[in-house]
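Worksheet: the structure to be examined is printed underneath.
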Amino acid sequence: MDMKEILSKTIEQAVAQAVKVGAFSVEAVPDFTLEVPPQKEFGDYAANVAMVLSRQAKKPPRVVADAILQNMGKPEWLERAEIAGPGFLNFYLKATWLYDALAQVLEAGSNYGRSDIGNGARVQVEFVSANPTGPLHVGHGRGAAVGSVLSNIMAAAGFAVTKEFYINDAGNQMDCLTDSVIARYLQALAAGGEKAGTIEFPENGYHGRDIIELAEDILANHISGEEFLTRGGSFDPAAIPAELYDAFKELAQQEKLARIKKDLADFGVTFDVWFSEKTLHEGGAVLGAARELQSKGYIYEKDGALWLKSTDFGDDKDRVVIRENGVPTYLAADIAYHRDKFHRGFKQVINLWGADHHGYIARMKAAVGALGFDPDRLEVIILQMVSLYQNGEQVKMSKRTGQGVTLSELIEEVGRDAARFFFIMRSTDSQLDFDLDLAKSQTSDNPVYYIQYAHARICSIFRQAKEAGVVMPAVRDTDLTVLALPVETELIKKILSFKEETELAALRREPHRMARYAHELAALFHSFYNHCRVMTDDPAVQKARIILVLATQIVLRNVLGILGVDAPEKM
RNA sequence: GCGCCCGUAGCUCAGUGGAUAGAGCACUGGUCUCCGGAACCAGGUGCGUAGGUUCGAUUCCUACCGGGCGCACCA
């Protein structure tokens, strides 16, 4: 049990005792905050319990506070407690708690920061889920980074996390992809011949260079011109036999998906499950889900289509699930997909969507409700838009012409670590201005380098210590109480807050907290480093500082691990 | 028109029902006989506007203003 839990329990007991002796009366103790106060003069922890109890107790906050203190006894770890301001309880702990806690960090090592507040609950995080029709762009990059870091955070907090990518490999965008590839294929095939220049490209096709390259690759390595003609192909795209068309579709889709997987792997993002939309259609799950909704009475027919009564569940309007032509909508497949998720036993299902999909939340939650699941078990995190900036100007991009900046280009430009860090350092609710110049600068202006530098510096200290023949001290043989300077105790306190930061980031689904924490930790370390020599004449001080630096290194590694950013030993 | 997100320091952004609202960049000036100067230290009358709830609002509610994104039998 850490200090905060002990203190919290002590307060609750004191309140109960105060009620028992009749100091005041309350029905139940409401939630109160117990936090590190903004000024260190206010102690190590401050609680607002008296203020939140004031109304119920029908007594002024400071009177309630006094009664709580009178009934708290004198725990051995407590230096003193005071009533302050409007009724805060400020707790000043004996210095030993800091050092005991620091020693525990060393013992926990790479496990420090892990907790079990998730209680092993099975949680699914679905993210990126891009159509396999082209390369990932920077918007997907934000989703990939946030999804992967959030998953790491929640895993560290004791959730059983499954990372999943939903492959939109059904529907007309796949036909559109195939049409585009075939057009490029025919153009390549016709090159130099009499048909050259006569092949038209589909108006709504994918114009990217990657499609041209893909078509050329198919011509060179998969379907030769000769084979194409033998299998019934011609320069008329409309006359291509279904079997041949499907062969193109399969090749195109596989290549696009392989490229996506590669880009994500290069970005350090992995998935536990790749879930194909197509399998939902082919396995009958889409129609099965629609039938289930129908049997529950939430489907009706209008204008030849089948509609979901999503307005019964808070949506603005009802939604078509089966079109007039009998083809299920995207929503129908998504309903089947989410039904499948819940059937698989996930307690919470978290989806990361781009801001352009926020209008979809209400209908999806409605559908989940209609299926009989608690809509709150579906959480949708909306990621606001990303804008790239270079030389102080916004880098314009256009998805339609395929001239957008791809994720792989971005990684090549600024590096994996910087890209990951920049994508998660802002709240998901905020639009992200991604400064390319800053991200690739190898100076302390760049927060990624700043943090990594702290780690490299620590490694450098230890390298030199080793060369000098310094023996690494054992925690239990070290008197840590010599670490009494403000720069030392502040660093220790920051180290000790890591577990709580991780828990908070997990519970609130806020990965950017980890990025800020890492930066704050690095800043306190650099400050410590500039004020205190680790290798020094005083053996007692040296031992204790080595322990402190070791603890810093542990936490830096752990937090960078969660961020998926390298912790280099040299830079 | 309706819905979601945002509006905090010159810029990019944290934060939060409570005690003196923070960080980075930029700018200015300092720190080095010593563990990596990719560092440190110092410098600041900012919560869009107006109401409301509250003992207390930057935080919650309402309206308005400004910016972004949506509002399909597309995905």
Side-chain angles (χ1 to χ4, degrees), chain A residues 33 35 37-39 41-42 46 48 51-52 54-55 60-61 84-88 90 129-131 133 168 170-174 176 204 277 302-307 316-317 319-334 354-362 380 382-385 387 389 392 425-435 438 441-454 456-465 468 470 487 510 512-513 515-516 519-520 522-523 525-536 542 545 549 570-571:
Chain A
T33 60
E35 55 194 12
Q39 265 80 46
E41 298 78 54
F42 296 142
N48 68 347
M51 292 183 287
V52 284
S54 169
R55 178 184 300 250
F88 285 103
N90 290 344
S129 295
N131 297 338
T133 56
N168 296 130
N172 55 24
Q173 83 276 3
M174 294 314 299
C176 180
N204 297 317
E277 179 190 352
K302 192 181 86 178
D303 304 329
L306 295 183
W307 297 67
D316 300 345
K317 50 183 283 195
R319 308 291 172 176
V320 171
V321 284
I322 308 290
R323 283 180 270 246
E324 200 177 355
N325 62 10
V327 177
T329 59
Y330 179 82
L331 177 64
D334 232 356
D356 52 343
H357 285 66
H358 76 262
Y360 201 76
I361 298 173
V380 181
I382 291 300
L383 304 167
Q384 296 299 322
M385 297 291 169
S387 306
Y389 283 81
M425 71 181 182
R426 304 295 183 217
S427 156
T428 54
D429 284 339
S430 285
Q431 292 175 36
L432 176 61
D433 285 349
F434 193 120
D435 185 337
L438 181 61
S441 79
Q442 306 208 347
T443 70
S444 62
D445 298 350
N446 185 340
V448 185
Y449 282 88
Y450 182 80
I451 297 162
Q452 290 181 319
Y453 180 56
R457 206 172 213 185
I458 288 170
C459 293
S460 174
I461 294 170
F462 289 146
R463 270 195 303 274
Q464 295 190 23
V470 174
V487 278
E510 291 177 337
H512 69 279
R513 287 175 176 276
R516 295 191 77 82
H519 193 270
E520 289 162 3
F525 172 75
H526 286 309
S527 184
F528 158 78
Y529 179 89
N530 275 275
H531 285 91
C532 305
R533 278 196 61 83
V534 179
M535 296 306 153
T536 174
Q542 174 168 306
R545 285 186 178 156
V549 173
K570 287 181 182 176
M571 296 174 70

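Fair warning: this is a prediction, and the values are worked out from it, not measured in the lab. Chain letters run A, B, ... following the sequence lines, proteins first and then strands; every chain starts at 1.
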Look only at the side chain of A:H519 and the backbone of A:R516, and say whether a donor-acceptor pair between them is shorter than 3.5 Å.
no
By a 5.5 angstrom centroid cut-off and a 30 degree plane limit, is there stacking between A:Y450 and B:A38?
no
Describe the nucleic acid contact of A:A46 in one word from base, sugar-phosphate, nothing, applying a heavy-atom distance below 4.0 Å.
base
Measuring only the P atom in each nucleotide, how far is B:G1 from B:C64? A whole number of Å is fine.
10 Å
For A:C532, which contact category applies under a 4.0 Å heavy-atom criterion: base, sugar-phosphate, or nothing?
base
Would you measure the distance from the P atom in B:C47 across to the matching atom in B:C40 and give it in whole Å?
29 Å
With sugar-phosphate meaning primed atoms plus P, OP1 and OP2, does A:S427 contact a base, only sugar-phosphate, or nothing at under 4.0 Å between heavy atoms?
sugar-phosphate
Classify A:S460 by what it touches in the nucleic acid, base, sugar-phosphate, or nothing, heavy-atom distance under 4.0 Å.
base
Would A:R457 count as a cation-pi partner of A:Y529, with NZ or CZ less than 6.0 Å from the six-membered ring centre and within 45° of the ring normal?
yes
May A:Y453 be described as stacking on the base of B:G36, applying a 5.5 Å centroid limit and a 30° limit on plane angle?
no
Is there a Watson-Crick or G-U wobble partner for B:G46 with both distances under 3.5 Å, and if so, which one is it?
none
Round to the nearest Å and state the distance from A:N204 atom CG to B:A75 atom P.
14 Å
Given the P atoms of B:C71 and B:G56, what is the spacing between them in whole Å?
44 Å
Should the pair A:Y360 and A:H357 be assigned to parallel (<30°), tilted (30 to 60°) or perpendicular (>60°) ring geometry?
perpendicular
Checking all strands, does A:H519 fall into the base, sugar-phosphate, or nothing category for heavy-atom contacts under 4.0 angstrom?
sugar-phosphate
